[in-house]
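Given the structure is predicted, the values throughout are model-derived calculations rather than measurements. Lettering follows sequence order; numbering is per chain, from 1.
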2 protein chains.
Amino acid sequence: MTTPTSSTGPRTRLSPEERRAQLLDLGVQLLATRSVDELSIDLLAEEAGISRGLLYHYFGNKHAFHEAVVRRAADDLIEQTAPPPGGEPLQRLRASVASYVDYVVANHQGYLSLVKGAASGNETLREIYDEARSVLSERMFLPDARGSMVPDTASARLVVRGWSAMTEELVLTWTVAPGDVTREQLLEIITASLPALVAVIPAG
Amino acid sequence: MTTPTSSTGPRTRLSPEERRAQLLDLGVQLLATRSVDELSIDLLAEEAGISRGLLYHYFGNKHAFHEAVVRRAADDLIEQTAPPPGGEPLQRLRASVASYVDYVVANHQGYLSLVKGAASGNETLREIYDEARSVLSERMFLPDARGSMVPDTASARLVVRGWSAMTEELVLTWTVAPGDVTREQLLEIITASLPALVAVIPAG
DNA sequence: CACTCTATTGACGATTGTTCAATAACGCCA
DNA sequence: TGGCGTTATTGAACAATCGTCAATAGAGTG
């Protein structure tokens, strides 16, 4: 935990890439616990050891900064949960879910920033979030496997979306309070849920 | 839509109950589309035809007002989706889901205010939301029926929570874009999902 | 019609988002 | 080594919004 905690020392000059990365990392960290309107630019600047003005130099305003933070969290999630190696559809599904669960556990703050950002009303943020979830969902079904595992109907698309929401809720709840549910059991529940839900889809 | 739209006319004096109800209704309406930090007290006051100060007289600050709005939306949801009459567990389940779906359709704004409020970071708001969802979930299983339909284990509680999240996502998505999915099909999917998910719970 | 109670107001101070001209750190070249 | 230009960075000033409080006025009561 490197906390410069504001010393009125000499200004430190970084490259734009470094500075931007630092601010985004800090934003992810801070926005995991506070909501965006509870995070003042003052606090952010002090925590980063910079002036308020610099933040506006890199990101035009607070909204844009928040958007960049959420986008970074989404990209990080997509990148770190790399697509599983080819194999049986159910195997691939389980591997994807496993990497997703492990990511949320290891990177709780970043994931919270993403989820909370998505729900904070802004349309742009919701799009970023939806896109990330789409990427994750699409990975579960390879182009060839999709036709067989999940039919491409309106009902099916709805169910897959619902399954994604359920998965997110399960993982977040389990991460915070696992109770006596093991990681394996969680994976089993999520993985087995998808076929079970697909079987419920009415004929259309 | 009655929009007084600010006339500098004589002040209208209402009873505290009426005024409070008016402000909460207006809050539910306004917070359905904007997020809480995008809603200025100025706009709210002008829209209500009152001064800013009056809002602070009734609710101490903006957070408390938001909390009251969300709580009202939650109470409204719980009240209007009255518990279904006794009968078969699956029948009761379907009736509960139906009333829930119909409420969301008929009262989209209020429901959005509730959901968006819950996700906006504040811990109190999330508690209100969780409590409302618990009430709805509990209704699905009468005390006597619970033991038989859903076992009371950590895994089962997790699954029911996930099912709730899925239901919420399904109903919201369907309300906005029904596609060619009928109301009956949606009810069928949600209702049949719970037993299907329960069957997936690993032995613990 | 005066009088009391209290719902309501409007002006003021405090906090926070945003802008912009001035400043200083770093690389470069003589 | 020392001056110089580029530009990352600052801090003060401005704007908008949150929150406070003593003063005001509507409505019932005798």
Per atom distances to the A:R19 side chain, the nearest of D:dT9, C:dG10, D:dT17 is D:dT9
Selected nucleotide, minimal atom distance to B:R13 side chain, candidates D:dC18, D:dT9, C:dT8 | C:dT8
A:R52 side chain near D:dG11 phosphate (N/O to OP1/OP2, under 4.0 Å) = no
Please tell me if the side chains of A:Y103 and A:D76 come closer than 4.5 Å, counting only heavy atoms from C-beta onward.
-> yes
Go through residues 58-70 of chain A and report each residue with a non-hydrogen atom lying under 4.0 Å from DNA chain C, sorted by number.
-> A:G60, A:N61, A:K62
Would you call B:D25-B:R72 a salt bridge at under 4.0 Å N-O?
-> yes
Let me see the working for B:R94 and B:E184 under salt bridge (Lys or Arg N to Asp or Glu O under 4.0 Å), right down to the final yes or no.
-> CA-CA 10 Å; B:R94 188 185 176 93; B:E184 292 306 313; 2.8 Å; yes
Side-chain contact test, heavy atoms from C-beta onward, threshold under 4.5 Å: evaluate it for A:L136 versus A:L77 and give yes or no.
-> yes
Evaluate the side-chain proximity of B:V36 to B:F65: yes if any heavy-atom separation is below 4.5 Å, no if none is.
-> no
Between A:L39 and A:L54, whichever has its closest DNA chain C nucleotide further toward 5' is A:L39
Check every strand shown and say whether A:S40 touches a base, only sugar-phosphate, or nothing at a heavy-atom separation below 4.0 Å.
-> sugar-phosphate
Winner on side-chain proximity to A:I41, out of C:dA7, C:dT9, C:dG17, is C:dG17
